[in-house]
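Along the sequence shown, the residues carry numbers beginning at 1.
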Amino acid sequence: MAGKSAAPGVGILLVTANVGTLFDDTENLQKNWLREFYQTVHAQKPQFLSLHCQEVGGKNYEASMSHVDKLVKDLLSSDAMKEFNRARVYLDENYKSQENFTALGSFYFLHESLKNVYQYDFKAKKYRKVTGKEIYSDTLESTPMLEKEKFPQEFFPESKSSRKGFIRTRWCITDCAFDLVNIHLFHDASNVIAWESSPSIYSGIRQKALSYVLNRFSGMQRDFKSQNPSLQHGTSVTDHRLEKVPFFVFGDFNFRLDLKSVVETLCAKTTMQTIHAADTNAVDKLVFRESENDHKVVLQIEKKLFEYFNQEVFRDNNGTALLEFDKELSVFKDRLYELDITFPPSYPYSEDSSQGKQYMNTRCPAWCDRILMSHSAKELLLKSENDERIVLYDHIGPNICMGDHKPVFLSFRIATGAGKTNAHVHKCCVVQ
């Protein structure tokens, strides 16, 4: 029974899931996804559950509206979730507004055993007690219980239809206040371009966007915008009076392995053939062949092709040999913390419902889906008597097709009043 554990503190479960492909095959993929999700909830027994989804509705959001509604209804009313008697759902469904649409969906579930949970009202600047189940959709910009923003077009000008952005909510549980941020960063538009430099230009774009979010929360946003006048219009400014609290930021960061370094390692004993486009003479395809062994093709790279002859390298020992190429978070080490990754790359899995462990040959597998936290949030994680943190950082559905992304979760416990020891950083929750 969820939430009935005798363990100390409050059980928290954070889940991030890019669900875009679930709406391409709702009969199989969505059914599998929900089953595996419910099993994880049952196993972890949280009292507070946060599910951050990206690409809600998939590629064709308007046509998928009924499927989105069905997914929400299932999550709110299924037997597996019956002990969660309060919920908040925030869905960005305003797909007609390209200026604001992010396709993000943030779901929060509170177990019946958890008393006195409060959510912050950013407009009234006070906490409000959470009761009942409520769904907010369409235009989230007018919802005072969250902050939402789509990233400025200047960040990724070549992607005119980008739906990348973030949603922030603030919570107070057992006198401990913290922010939960749902985020979706920019993808690699071309494998060939990503391969050309180390780090890739796309890595730099993601770094800029994530810095934008972190600066907003740290009170540095005014300085950032003053240095970038083009961002002044249509973007909100941090309220420096807003108290800083620990935060968890989780979603599809689209972090990729440093492709140039990966290829140099995987193809160390090969020769490379470069094929140029006839009309522009730009590099169109890269083919790496063994120097011997009848010049066997080891790897082929195109804009949306990454075909390596042996996928096992990405699965062996959960792909840990490739973690040295996972470098994008390193520039944020003074601002963000992540537990050790012990699961295989979360993307891009086959969308064939009969294939649970197979990667697609579209991108180099990478840990795109992550759960990160501020260093102050790290201190909220309850320690056991032997000083080990009672935490689990893993993926969902390791052997089941969950779409092209495997959901990732973080399960932990926080002690009552955990935030009070850091009073200089944030004070305990006081309802006004």
Side-chain angles (χ1 to χ4, degrees), residues 158 185-207 253-331 340-352 354-370 395 398-399 401 404-406:
E158 67 179 88
L185 299 184
F186 302 96
H187 62 284
D188 281 12
S190 166
N191 294 325
V192 174
I193 293 175
W195 166 83
E196 289 176 346
S197 61
S198 175
S200 76
I201 61 170
Y202 304 117
S203 173
I205 292 169
R206 287 187 285 272
Q207 179 181 338
F253 291 85
N254 262 314
F255 288 161
R256 306 300 171 98
L257 304 186
D258 187 88
L259 197 57
K260 193 169 188 65
S261 300
V262 170
V263 171
E264 287 174 355
T265 299
L266 296 179
C267 303
K269 298 181 180 180
T270 66
T271 56
M272 183 182 74
Q273 176 187 4
T274 303
I275 300 173
H276 296 267
D279 52 346
T280 64
N281 204 37
V283 176
D284 192 49
K285 184 175 184 177
L286 302 168
V287 182
F288 297 83
R289 301 176 184 273
E290 290 187 355
S291 300
E292 301 176 353
N293 193 25
D294 294 329
H295 303 290
K296 174 185 173 182
V297 174
V298 173
L299 172 66
Q300 297 183 79
I301 297 177
E302 296 178 17
K303 180 178 181 178
K304 294 185 178 180
L305 175 73
F306 185 90
E307 188 172 4
Y308 187 61
F309 81 105
N310 178 22
Q311 276 203 5
E312 289 303 316
V313 69
F314 304 110
R315 292 191 289 261
D316 286 346
N317 196 25
N318 290 326
T320 50
L322 297 170
L323 279 171
E324 66 174 292
F325 305 113
D326 180 68
K327 302 176 180 180
E328 294 196 34
L329 189 57
S330 61
V331 297
D340 291 339
I341 293 177
T342 58
F343 50 88
S346 63
Y347 172 85
Y349 281 92
S350 169
E351 298 169 29
D352 183 340
S354 66
Q355 298 289 335
K357 303 177 73 171
Q358 184 78 12
Y359 288 107
M360 288 191 290
N361 291 324
T362 53
R363 308 287 184 183
C364 177
W367 288 273
C368 293
D369 308 273
R370 315 280 275 262
H395 66 324
N399 302 311
C401 181
D404 58 351
H405 288 256
K406 296 284 189 190

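Q273 places no side-chain N or O within donor-acceptor distance of the main-chain N or O of L286, the cut-off being under 3.5 Å. Counting only distance, with no hydrogens or angles, the side chain of N310 and the backbone of E312 share a donor-acceptor pair below 3.5 Å. Here the side chain of T280 pairs no donor or acceptor atom with the backbone of A277 at under 3.5 angstrom.
Within the 4.5 Å cutoff, the side chain of V263 has heavy atoms near those of the W195 side chain. The side-chain heavy atoms of D258 and K260, taken from C-beta on, include a pair separated by under 4.5 Å. Looking at Y308 and L266, their side chains come closer than 4.5 Å, going by heavy atoms from C-beta outward. By the 4.5 Å heavy-atom criterion applied to side chains, R289 and K296 are not counted as neighbours. P348 places none of its side-chain heavy atoms less than 4.5 Å from the side chain of F306. Residues Q311 and N361 are in side-chain contact: their nearest non-hydrogen atoms beyond the backbone lie under 4.5 Å apart.
Rounding to the nearest 0.5 Å places CG of L257 at 10.5 Å from OG1 of T265. Put simply, OG1 on T362 and CG on D404 are 8.0 Å apart, with the number rounded to the nearest 0.5 Å. In this structure, the separation between CZ on R256 and CG on L185 is 11.0 Å, given to the nearest 0.5 Å. In this structure, L259 CG and I193 CD1 are separated by 12.0 Å, a value rounded to the nearest 0.5 Å.
Summarising the local packing, CD of E292 is surrounded by 12 or fewer heavy atoms from other residues, nucleotides or ligands at distances under 6.0 Å. Annotation for D340: atom CG does not count as buried by contact number, only 12 or fewer foreign heavy atoms lying within 6.0 Å.
Salt bridge R206/E328: present, at least one basic N to carboxylate O contact under 4.0 Å.
Smallest separation of non-hydrogen atoms from K357 and R315: O-NH1, 3.1 Å. Considering all non-hydrogen atoms of both residues, F314 and P344 come closest at O-CB, 4.3 Å. The minimum heavy-atom distance between L322 and V313, with the atom names listed, is CD1-O, 3.9 Å. Between D352 and C401, the shortest heavy-atom distance links the atoms O-SG, 3.4 Å. In terms of heavy-atom proximity, S350 sits nearest to Q355 at OG-CB, 3.9 Å. The minimum heavy-atom distance between S261 and S198, with the atom names listed, is OG-OG, 4.0 Å.
Qualifying side chain to side chain contact (heavy atoms under 4.5 Å, CB included) partners for K285, counting only residues two or more places apart in sequence or in other chains: I275, V287, Q300, E302.
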**Request:** Evaluate the side-chain hydrogen bond (donor to acceptor under 3.5 Å, both in side chains) criterion for residues T320 and N318: first the C-alpha distance (whole Å), next the side-chain angles of each, then the deciding distance (0.1 Å), finally the verdict.
**Result:** CA-CA 6 Å; T320 50; N318 290 326; over 6 Å; no

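Here the options are F253, Y349, W367, Y347, the test is ring-ring contact (aromatic ring centres under 6.0 Å, His included), and the partner is H405; only Y347 passes. With respect to N191, the side-chain hydrogen bond (donor to acceptor under 3.5 Å, both in side chains) criterion is satisfied by exactly one of R363, K304, K303: R363.
Judged as a salt bridge (charged side-chain N to carboxylate O under 4.0 Å, His left out), not a single pair has a partner in residues 261-276 (not counting sequence neighbours).
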